[in-house]
Participant: 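Just dropping this structure here.
Order of appearance sets the numbers: ligands from 1, and atoms from 1 within every ligand. Bear in mind that the values here come from a model prediction, so they are computed numbers and not experimental data.
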Amino acid sequence: MTRSVPSQPFSGQKPGTSGLRKKVKVFQQEGYAENFVQAVFDVVERAPGSTLVLGGDGRYHNRTVIQQAIRIAAANGYGKVLVGQGGILSTPAASNVIRKFGASGGLILSASHNPGGPDEDFGIKYNIANGGPAPEAVTEAIYARTQTIDRWLTVDTPDVDLDTPGSSQVGDLVVEVIDSVADYAELMESLFDFNAIRANVEAGFTMAFDAMSAVTGPYATEILERRLGFAEGTVRNGVPLEDFGGHHPDPNMVHAHELFETMFGADAPDFGAASDGDGDRNLIVGRNRFVTPSDSLAILAANAHLAPGYAAGLKGIARSMPTSAAADRVAEALGLRCFETPTGWKFFGNLLDAGMATICGEESAGTGSDHVREKDGLWAVLLWLNILAVRKISVDQLAREHWAKFGRNYYARHDYEALPTEKADVLMAELTESLAALPGKAFGSLEIAEADNFSYHDPVDGSTSSNQGVRVMFAGGSRVVFRLSGTGTEGATLRVYLERYEPVGGDLDRETPDMLADLIAAADEIAGITRHTGRTVPDVVT
Ligand code: VG1
Ligand code: CO
């Protein structure tokens, strides 16, 4: 019954930040998605009869690729596929299902925070048996396979009904449609004090959650409104749409501006939050107080012991290199190790598996812990809610209290999007060449102490990942980082990360743009952004 379809090597994707991400039109080409899925199955570790987890963020083309993947899995000797109802699984929920049911891995169909729809983006990520993104060695093997592949295997069967929970058979493969939310909600109940949060809600604590018409709608509605008692309507844009209502499901000040307007307006609720396309990111905003993701990581790490799941304390903290050093100061105060990893969640997997870190985070609004092996948007929201319910103070008060104790890392990221790839490459090459000459140079009151191109040595498996972004460190703890995005689908995106540290007793209550003005000017001089790209202002500031 298995059919082998001849095919040719294709333009896979050099291992980027996460999986294969292209325009929907590319995925719609004859055999394209099939080739990639087959390349994955050809190289990943799996025993005969293994279980595969399958689900996505519900974007346009999700159901099509799910049906393709089911047939290819059946033809490749998988024993079981666990698929989220309606094809829906958030990235953290998929990570949990992989771990809970001992699957050999999973395919998560998402282009995360990129827009969806027939002319927009689609993506496929492979996660390994620990529930986390495939490490570089695996993504490299997958890429190599896409360059030699000459056939994919399938079975000829009708589409599986994805909307009715229960089991069906495709060849020798059992396909089980599972509730998308139940296992995840149960895990959250095991980590957090739902009674304390519920009591706080009964006492009048209010929130707004923007699901951005993406995957977290059903999860947030079940957990926040049904289990925690927040008022109906707390979850906004709660129905996953194939095109996310035409928006970018990216929870930042630009794309979630309605939430910001609510939180900075009259009658703002106590707490505001949003998540992205696939549910792994989080935005935290209090009444009149935006919390940078880097600060959120630090504040969560400092207070996590207030939640039952972390009452025994943390084993360590890890952050991606461009994330601010706010978390490092918490680690120091708690006597914990702090790890600095390259951008992308896959670099946290080994540390979490080895019990060297409990909480991890990225400046791009990703925070998570060892409960799964992905960043987890709703998890971060619930940890905040748990902490606020115990401390009974506002987001603004908690942030100020934190800065008074640890100092404040003013932070912003400037993105220059859709640059001609060649120009972006020349900019990075020239910058890298100039590194040795930078230390000692001064820009106003800023003096460069060190500059390097970040390399990471994984303390668990000994592997090295180099060329992970340029760091320019100034005396006193301020910093500028430059790197090219690995997730874009149009040209190149230059990310410039700006961080200024103000110690305890310093200027802790100023506006971020004022505090970063000197650094912004220095960044342009150091990298020649305008000279190379013609751009004078970034496209997105977060
Ligand atoms: C971006 C973020 C990075 C994040 C990645 C995937 O990568 O900067 O921190 O891990 O997206 O997030 P890049 O290479 O474009 O900077 V998601 O929400 O797509 O899983
Ligand atoms: Co995401």
Participant: Please list, in number order, the atoms of ligand 1 under 4.0 Å from a heavy atom of Arg495.
Facilitator: 8 (O), 13 (P), 15 (O), 16 (O)
Participant: If waters are left out, how many protein N/O/S atoms lie within less than 2.8 Å of the Co ion (ligand 2)?
Facilitator: 4
Participant: Say you draw a straight line from CE of Met428 to CG of Leu494; how long is it, rounded to the nearest 0.5 Å?
Facilitator: 7.0 Å
Participant: Give the atoms of ligand 1, by number and element, whose distance to some non-hydrogen atom of Asp280 is under 4.0 Å.
Facilitator: 17 (V), 18 (O), 20 (O)
Participant: Among the heavy atoms of Glu374, does any lie under 4.0 Å from an atom of ligand 1?
Facilitator: no
Participant: Hey, is Lys23 close enough to Asp121 for a salt bridge, meaning N to O under 4.0 Å?
Facilitator: yes
Participant: Is Asn303 reaching over with its side chain to a backbone N or O of Ile299, donor-acceptor style, under 3.5 angstrom?
Facilitator: yes
Participant: Specify the closest pair of heavy atoms between Val24 and Pro118, including all atoms of both residues, with the distance to one decimal.
Facilitator: CB-O, 3.5 Å
Participant: Check this for me, if you would: do Asp415 and Arg413 make a salt bridge, where the nitrogen-to-carboxylate-oxygen distance has to be below 4.0 angstrom?
Facilitator: yes
Participant: If hydrogens are left out, which of Lys346, Glu362, Arg483, Lys375 has an atom nearest to atom 12 (O) of ligand 1, that is, the closest non-hydrogen atom?
Facilitator: Lys375
Participant: Determine, considering heavy atoms only, which of Thr542, Thr487, Thr343 sits nearest to atom 15 (O) of ligand 1.
Facilitator: Thr487
Participant: Looking at Glu225 and Thr234, would you say the former's side chain and the latter's main chain have a donor-acceptor pair under 3.5 Å?
Facilitator: yes
Participant: Go through the steps to decide whether Glu363 and Ser324 satisfy the test side-chain contact (heavy atoms from CB on, under 4.5 Å), and finish with yes or no.
Facilitator: CA-CA 7 Å; Glu363 53 63 44; Ser324 95; over 6 Å; no
Participant: Is the contact between Ser485 and ligand 1 made by the side chain, the backbone, both, or neither, using heavy atoms and a 4.0 Å cut-off?
Facilitator: both
Participant: Using non-hydrogen atoms of the residue, decide whether Gly344 is closer than 4.0 angstrom to ligand 1.
Facilitator: yes
Participant: For ligand 1, which is the ligand I care about here, please tell me if Gly486 has any N or O atom under 3.5 Å from one of the ligand's N or O atoms.
Facilitator: yes
Participant: State whether Asp278 and Lys125 are salt-bridged, where the test is any N-O pair (Lys NZ or Arg NE/NH1/NH2 against Asp/Glu carboxylate O) under 4.0 Å.
Facilitator: yes
Participant: Considering the heavy atoms of Arg21, write down every atom of ligand 1 situated less than 4.0 Å from one of them.
Facilitator: 19 (O)
Participant: Identify, by atom number and element, the atoms of ligand 1 in contact range of Asp276, meaning under 4.0 Å from any of its heavy atoms.
Facilitator: 18 (O)
Participant: Short list, please: which atoms of ligand 1 are under 4.0 Å from a heavy atom of Arg413?
Facilitator: 8 (O)
Participant: Is Arg373 reaching over with its side chain to a backbone N or O of Pro92, donor-acceptor style, under 3.5 angstrom?
Facilitator: no
Participant: Heavy-atom contacts with Lys125 under 4.0 Å: which atoms of ligand 1 show up? List them by number with element.
Facilitator: 20 (O)
Participant: Please check if the side chain of Thr216 supplies one atom and the backbone of Tyr219 the other of a donor-acceptor pair under 3.5 Å.
Facilitator: no
Participant: Write down the atom of Ala93, the atom of Tyr184, and the distance for their closest heavy-atom approach.
Facilitator: CA-CD1, 4.0 Å
Participant: Considering all heavy atoms of both residues, which atom of Phe406 and which atom of Arg329 are nearest to each other, and what is their separation?
Facilitator: O-CD, 3.5 Å
